[in-house]
Number of protein chains: 2
Amino acid sequence: MKKISSKLEDYLEAIYLLQQENIVARVKGVAEMLDVRPPTAISAIQRLSELELLEHQHYGYIKLTRKGLKIAKSVYRRHETLLIFLVDILGLDIEVSLPQACGMEHSISAKTRKRFELLTNFIKFDPSILKKWREYCEEHCDEK
Amino acid sequence: MKKISSKLEDYLEAIYLLQQENIVARVKGVAEMLDVRPPTAISAIQRLSELELLEHQHYGYIKLTRKGLKIAKSVYRRHETLLIFLVDILGLDIEVSLPQACGMEHSISAKTRKRFELLTNFIKFDPSILKKWREYCEEHCDEK
DNA sequence: TTATAATATTAGAGGAAGCTAATATTATAA
DNA sequence: TTATAATATTAGCTTCCTCTAATATTATAA
């Protein structure tokens with residue numbers, strides 16, 4: 001599977017999320033979700049279409065192909081895993097965690113994602129460790 | 001402090017590391033470290049010079065300014081923290097960890113970095129937790 | 001000291017990703 | 001059904017970041 005840029009990954013992820021809600025995505029929704037202007041979204045969508053990662057009918061729907069969906073899901077999975085780690089384990093606010101998860105999600109491998117998930121569960125579902133960690137964090141988090 | 005692109009952060013970090021070894025950095029070293037051609041390095045160095053993050057004498061040395069050094073150190077610190085986390089806690093090989101740390105280092109805040117460091121120390125320096133985590137990881141890491 | 005090698009720089013091109021302004025199409029409401 | 005609003009697209013420009021080829025400077029070795 002070819003490597004695409006992190007920007008293009010963002011577009012696939014956004015289209016995937018819109019598809020979840022509405023079956024198909026539209027240019028306006030994509031542009032709004034990624035906070036870009038419609039022409040910017042269009043040009044990304046056209047490149048993704050050339051890569052056969054989605055199908056785009058003129059003035060019509062946008063739909064991920066099987067290959068596109070696969071990439072989109074994997075990006076979103078990394079995003080989710082990192083977000084949960086930042087919020088539930090590192091104890092960061094959701095608002096600051098979101099953009100950081102969005103930044104990191106393009107850099108980690110499947111194996112790394114899995115390890116993040118394991119560590120999250122290891123801590124989260126062991127009350128004594130979770131408690132110890134929370135206390136440790138509380139105690140040291142104002143240092144330096 | 002102005003936000004610069006992650007590419008420019010990479011250049012500052014590389015120059016910082018070269019400075020550590022040789023007092024001053026040179027174009028060739030920077031280009032080699034970042035795996036780009038000299039003209040690419042030059043153009044980045046010129047932009048950084050305009051931002052007053054480094055001083056660059058024609059055909060001569062490259063030296064970070066105080067502002068540049070501050071950014072470089074902070075990037076490198078994030079890099080180090082993430083690398084140690086990936087290797088010592090998540091148990092990943094150094095070769096796969098390096099590029100992933102390089103990717104993530106541009107996305108995390110100072111607070112997030114600190115939390116990563118705390119979590120690393122919390123696990124690393126508690127032998128019983130470390131042992132439990134290693135076993136847990138070993139047991140589950142082949143799933144999915 | 002001068003020729004050669006190494007290094008640095010400039011010039012110019014290209015792709016990615018963004019924008020605005022203008023235009024085309026589709027959807028909606030009178 | 002037709003005028004208007006909403007949406008999508010095209011055209012053309014900008015900046016960032018990369019490259020190669022050509023040129024300039026500095027360092028080294030004969």
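Quick note on labels: first sequence line is chain A, next is B, and so on, each numbered from 1.
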Query - A:Val36 or B:Val27, whichever maps to the more 5' nucleotide of DNA chain C - result: B:Val27

Query raised in the report: Does a nitrogen or oxygen in the side chain of B:Arg37 sit under 4.0 Å from OP1 or OP2 of D:dT20?
Result: yes

Query raised in the report: Do NZ/NE/NH1/NH2 and the carboxylate oxygens of A:Glu105 and A:Arg113 come within less than 4.0 Å?
Result: no

Query raised in the report: D:dC16 C1' sits how many Å from B:Leu51 CG, rounded?
Result: 13 Å

Query raised in the report: Any idea how A:Phe85 and A:Phe116 line up, ring-wise: parallel (<30°), tilted (30 to 60°), or perpendicular (>60°)?
Result: perpendicular

Report summary line: From CD1 of B:Ile62 across to P of C:dA8 the rounded distance in Å is 7 Å

Report task. Using a 4.0 Å heavy-atom cut-off across all strands, classify A:Glu32 as base, sugar-phosphate, or nothing. Result -> nothing

Requested in this report: With a 3.5 angstrom cut-off on both distances, give the Watson-Crick or G-U wobble partner of C:dA30, or none if there isn't one.
Outcome: D:dT1

Query raised in the report: For A:Arg134, does the CZ atom have more than 12 heavy-atom neighbours from other residues, nucleotides or ligands under 6.0 Å away?
Result: yes

**Report entry** Short side-chain N/O contact from B:Arg26 to OP1 or OP2 of C:dA8, under 4.0 Å
**Finding:** yes

Query raised in the report: Hey, does the side chain of B:His56 come within less than 4.0 Å of C:dT9's phosphate (OP1/OP2), counting only N and O?
Result: yes

Requested in this report: Indicate whether OP1 or OP2 belonging to D:dC17 is found under 4.0 Å from a side-chain N or O atom of B:Lys7.
Outcome: no

Report task. Using whole Å, report how far NZ of A:Lys3 lies from C1' of C:dG15. Result -> 17 Å

Query raised in the report: Can you find a side chain N or O atom of B:His58 that sits less than 4.0 Å from OP1 or OP2 on C:dT10?
Result: yes

Query raised in the report: More than 12 non-hydrogen atoms from neighbouring residues, nucleotides or ligands closer than 6.0 Å to NZ on B:Lys67, yes or no?
Result: yes

Report summary line: Result for 5'-nearest mapping on DNA chain C, choosing between A:Ala41 and A:Tyr59, is A:Ala41

Query raised in the report: Within this structure, what is the CD1-to-P distance between B:Ile45 and C:dT10, rounded to whole angstrom?
Result: 12 Å

Requested in this report: Could you tell me the separation between the CG atom of B:Asp10 and the P atom of D:dC16, rounded to a whole number of Å?
Outcome: 16 Å

Query raised in the report: Once you round it to whole Å, what is the distance between P of D:dC19 and CD1 of B:Ile42?
Result: 13 Å

Report task. Look at the side-chain N and O atoms of A:Thr40 and state whether any lies under 4.0 Å from the OP1 or OP2 oxygen of C:dC19. Result -> yes

Report task. Indicate, with a heavy-atom threshold strictly under 4.0 Å, whether B:Tyr11 touches base, sugar-phosphate, or nothing. Result -> sugar-phosphate

Report task. Under a 3.5 Å limit for both distances, which nucleotide forms a Watson-Crick or G-U wobble pair with C:dT7, could you say? Result -> D:dA24

Query raised in the report: OP1 or OP2 of D:dT10 sitting under 4.0 Å from any side-chain N/O of A:Gln46?
Result: yes

**Report entry** D:dC17 pairs with, by Watson-Crick or G-U criteria that keep both distances under 3.5 Å
**Finding:** C:dG14

Query raised in the report: Does one side chain, of B:Arg77 or B:Thr81, offer a donor that lies under 3.5 Å from an acceptor on the other?
Result: no

Requested in this report: Could you state the atom-to-atom distance from OH of B:Tyr61 to P of C:dT9 in whole Å?
Outcome: 13 Å

Query raised in the report: Roughly, in whole Å, what's the span from NZ in B:Lys28 to P in C:dT7?
Result: 4 Å

Query raised in the report: Distance only, no hydrogens: is a donor on one side chain within 3.5 Å (strictly under) of an acceptor on the other, for A:His140 and B:Asn121?
Result: no

Report task. Would you classify A:Ser43 as touching base, sugar-phosphate or nothing, given that sugar-phosphate means primed atoms plus P, OP1 and OP2, and contacts are heavy atoms under 4.0 Å? Result -> nothing

